[in-house]
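Input: a single structure, listed below in structure tokens.
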Amino acid sequence: QLQASGGGLVQAGGSLRLSCAASGRTNSYRVVGWFRQSPGKEREFVARIPRSGTGTYYADSVKGRFTISRDNAENTVYLQMNSLKPEDTAVYYCSAAAYVYAMQKGEDYPYWGQGTQVTVSS
């Protein structure tokens, strides 16, 4: 089970940190990814991180502003979001995969948590 939290309302230029807490079959969560979806738009890949913590990968739209990290002892993955823009407004979802090469395709992630709303005002 994946539980996302940390969303909220922030002004442009501000920061938020999202958390994704995993429970249950955490051994299957070799890769954790963050995706987001805005109304009327398709789901969009944001970032992913393997269990080792190395080999992170970001969407171009967030590179340099967002940082993904994980605390395996706490079974939690974080998404630090800085320099937020109004176009970052979306529901953010965390997901997990046993497939170690899962990258930006949502269909590679069979496990999904509920979303957390991020709203960035201009």
Side-chain angles (χ1 to χ4, degrees):
Q1 188 175 6
L2 301 169
Q3 182 80 25
S5 61
L9 173 64
V10 64
Q11 287 189 331
S15 298
L16 281 174
R17 188 176 80 158
L18 305 184
S19 298
C20 176
S23 61
R25 49 193 308 174
T26 56
N27 286 338
S28 298
Y29 302 160
R30 295 181 182 175
V31 176
V32 173
W34 283 98
F35 291 77
R36 65 187 182 186
Q37 189 165 22
S38 305
K41 294 187 177 181
E42 292 187 354
R43 183 179 59 195
E44 176 188 20
F45 168 79
V46 176
R48 59 87 80 172
I49 185 167
R51 178 174 290 162
S52 66
T54 59
T56 56
Y57 183 74
Y58 298 90
D60 288 343
S61 58
V62 306
K63 202 173 295 182
R65 300 187 298 121
F66 291 12
T67 302
I68 190 171
S69 61
R70 66 190 295 165
D71 183 337
N72 288 334
E74 296 294 328
N75 290 320
T76 302
V77 171
Y78 303 99
L79 185 68
Q80 178 67 43
M81 307 186 296
N82 298 329
S83 302
L84 283 162
K85 305 175 181 180
E87 50 263 43
D88 294 318
T89 295
V91 177
Y92 283 71
Y93 299 90
C94 64
S95 58
Y99 178 51
V100 298
Y101 297 108
M103 296 293 285
Q104 70 267 40
K105 292 195 300 182
E107 50 265 39
D108 286 342
Y109 297 81
Y111 309 107
W112 292 82
Q114 93 297 348
T116 185
Q117 176 71 47
V118 172
T119 303
V120 184
S121 63
S122 58

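Heads up: numbering here begins at 1 and tracks the sequence.
- When the side chain to side chain donor-acceptor pair (under 3.5 Å) test is applied to Arg17, no partner is found at least two apart in sequence or on another chain.
- Every residue two or more places apart in sequence or in another chain was checked for a side chain to side chain donor-acceptor pair (under 3.5 Å) with Ser38, and none qualifies.
- The disulfide bond (SG atoms under 2.5 Å apart) analysis of residues 25-58, with sequence neighbours excluded, yields no pairs.
- Considering only heavy atoms from C-beta on, Gln104 stays 4.5 Å or farther from Arg48 through its side chain.
- One distance of note links OH of Tyr29 with OH of Tyr111; it measures 6.5 Å at 0.5 Å rounding.
- Judged as a side chain to side chain donor-acceptor pair (under 3.5 Å), and not counting sequence neighbours, Gln3 has no contacts.
- Qualifying ring pair (Phe, Tyr, Trp, His ring centres under 6.0 Å) partners for Phe45, counting only residues two or more places apart in sequence or in other chains: Phe35, Tyr57.
- Here the CD atom belonging to Gln80 is positioned 9.0 Å from the CG atom belonging to Leu18, to the nearest 0.5 angstrom.
- Between Tyr78 and Asp71, the closest side-chain pair of non-hydrogen atoms falls below 4.5 Å.
- Asn72 contributes atom CG, which lies 10.5 Å from atom CD of Glu74 (distance to the nearest 0.5 angstrom).
- Considering only residues two or more places apart in sequence or on other chains, Ala47 meets the side chain to side chain contact (heavy atoms under 4.5 Å, CB included) condition with Tyr58, Ile68, Leu79.
- Under the 4.5 Å side-chain criterion, counting only non-hydrogen atoms from C-beta, Leu2 is not in contact with Tyr93.
- Under the rule for a salt bridge (Lys or Arg N to Asp or Glu O under 4.0 Å), the partners of Lys63 that lie at least two apart in sequence or sit in another chain are Asp60.
- By the side chain to side chain contact (heavy atoms under 4.5 Å, CB included) test, Ser52 is found to be paired with Pro50, Thr54, residues two or more places apart in sequence or in another chain being considered.
- For Ser95 (side chain) and Gly33 (main-chain N/O), a donor-acceptor pair under 3.5 Å exists by modelled atom type.
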Exercise answer: donor-acceptor pairs, residues 84-91 side-chain atoms, under 3.5 Å, sequence neighbours excluded:
from, atom 1, to, atom 2, distance (Å)
Asp88, OD1, Arg36, NH1, 2.9
Asp88, OD1, Arg65, NH2, 3.0
Asp88, OD2, Arg65, NH1, 2.7
Asp88, OD2, Arg65, NH2, 3.4
Asp88, OD2, Lys85, N, 2.8
Thr89, OG1, Pro86, O, 2.9
Thr89, OG1, Val120, N, 2.9
Thr89, OG1, Val120, O, 3.4

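- Among residue pairs with one or both ends in residues 21-85, none qualify as disulfide bond (SG atoms under 2.5 Å apart); sequence neighbours excluded.
- Residue pairs meeting the disulfide bond (SG atoms under 2.5 Å apart) criterion with at least one partner in residues 13-102, sequence neighbours excluded, are Cys20-Cys94.
- Residue pairs satisfying the salt bridge (Lys or Arg N to Asp or Glu O under 4.0 Å) criterion with at least one member in residues 102-122, sequence neighbours excluded, are absent.
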